Amino acid sequence: MAPSFDNGNSLFEFVVQDGNGVKGHKKLLNQLVFREVALEYLKTSTKMVRRITEILIGNLGVILEDSSKVVDALTSLKMVNMNFYPTCPSPELTVGVGRHSDMGTLTVLLQDGIGGLYVKLEGKPDAEEEWMEIQPIPGALVINIGDTLQILSNGRYKSAEHRVRTTSTQSRVSIPIFTVPRPTEKIGPLPQLVERDGVAHYKDFIFQEYMNNFFGKAHEGKKSLDFAQSSSA
Ligand SMILES: O=C(O)CCC(=O)C(=O)O
Ligand SMILES: [Fe+2]
């Protein structure tokens, strides 16, 4: 179920009612009922993200001294976006959100029923690239792997490249929660994986540097990862 209020209004309707997405939500945050539902969504998602991160790291077959500390380090910062995509008279001439991957560990994305989110299928050459629409399913959340997990796993997990198109007939709302490392956190491939692979595909860096690079440029597919590329790989 999408997060909803006692009177049956969903978070989506609340964002749309205000008319203009991002501009409106600051005002809405001061309204108690909105704040409670948004915080509950954030709290339960945070718990889920911690659990999924634990499982994904466990799957890498590495032994960590204190895995809950690693999970903390990877997920301690949360950012909530409220995206409003107005109808567009010529959707073929515009982009809702350009192709990109998210920079953090995991993204939890709640989308309304309109559709328009596409993910690029892995493993196809650029000339034959294929995109799949992530059809909205009522009550379902989309979970995206972000660049941080790709780097940490020395390339085993791939961050999802995605984009959003608009339509001429229906506006759309999505509410992603980005879980990302603290800006001061040192990020890099897990040493046990580097040892196993005999190569580090990514360098170590402070996450703030990654954020600066990510936000300093327009989206261009997975180019954001170039920043972390190791010169020895
Ligand atoms: O609106 C969506 O479905 C996705 C938005 C998105 O990719 C983002 O905010 O990073
Ligand atoms: Fe995204």
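Start at 1 and go down the list; that is how both ligands and their atoms are numbered. In this text, all values refer to a predicted model and were calculated from it rather than measured experimentally.
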Side chain to side chain contact (heavy atoms under 4.5 Å, CB included) for Asp112 and Arg172? Distances and angles first, verdict last. CA-CA 7 Å; Asp112 64 12; Arg172 173 174 183 267; 3.5 Å; yes
For each nitrogen or oxygen atom of ligand 1, which protein N/O atoms lie closer than 3.5 Å, and how far apart are they, rounded to 0.1 Å?
unit_1: ligand 1; atom_1: 1 (O); unit_2: Tyr85; atom_2: OH; d: 2.5
unit_1: ligand 1; atom_1: 1 (O); unit_2: Arg172; atom_2: NH1; d: 2.9
unit_1: ligand 1; atom_1: 1 (O); unit_2: Ser174; atom_2: OG; d: 2.6
unit_1: ligand 1; atom_1: 3 (O); unit_2: Arg172; atom_2: NH1; d: 3.3
unit_1: ligand 1; atom_1: 3 (O); unit_2: Arg172; atom_2: NH2; d: 2.8
unit_1: ligand 1; atom_1: 7 (O); unit_2: His100; atom_2: NE2; d: 3.2
unit_1: ligand 1; atom_1: 7 (O); unit_2: His162; atom_2: NE2; d: 3.0
unit_1: ligand 1; atom_1: 9 (O); unit_2: Asn83; atom_2: ND2; d: 3.3
unit_1: ligand 1; atom_1: 10 (O); unit_2: His100; atom_2: NE2; d: 3.1
unit_1: ligand 1; atom_1: 10 (O); unit_2: Asp102; atom_2: OD1; d: 3.3

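- Among protein atoms, those of element N, O or S found less than 2.8 Å away from the Fe ion (ligand 2) are His100 NE2, Asp102 OD1, His162 NE2.
- A donor-acceptor pair shorter than 3.5 Å cannot be found between the side chains of Glu209 and Asn213.
- Salt bridge annotation for Arg99-Glu129: present, with a cationic side-chain nitrogen under 4.0 angstrom from a carboxylate oxygen.
- Clustering ILVMFWY residues whenever any of their side-chain heavy atoms sit less than 4.5 angstrom apart, transitively, puts Leu110 in the very cluster that holds Met48.
- Both Ile57 and Tyr157 sit in one connected hydrophobic cluster of ILVMFWY residues. Membership requires side-chain heavy atoms under 4.5 Å apart, directly or through other members.
- Checked against Phe227 for a ring-ring contact (aromatic ring centres under 6.0 Å, His included), the options Phe214, Phe207, Phe205, Phe215 give a single hit: Phe205.
- No more than 12 heavy atoms of other residues, nucleotides or ligands sit less than 6.0 Å from atom NZ of Lys223.
- Salt-bridge annotation for Glu130 and Lys124: present, with a side-chain N of the basic residue lying under 4.0 Å from a carboxylate O of the acidic one.
- For Leu93, the CG atom sits in a packed shell: over 12 heavy atoms of surrounding residues, nucleotides or ligands are nearer than 6.0 Å.
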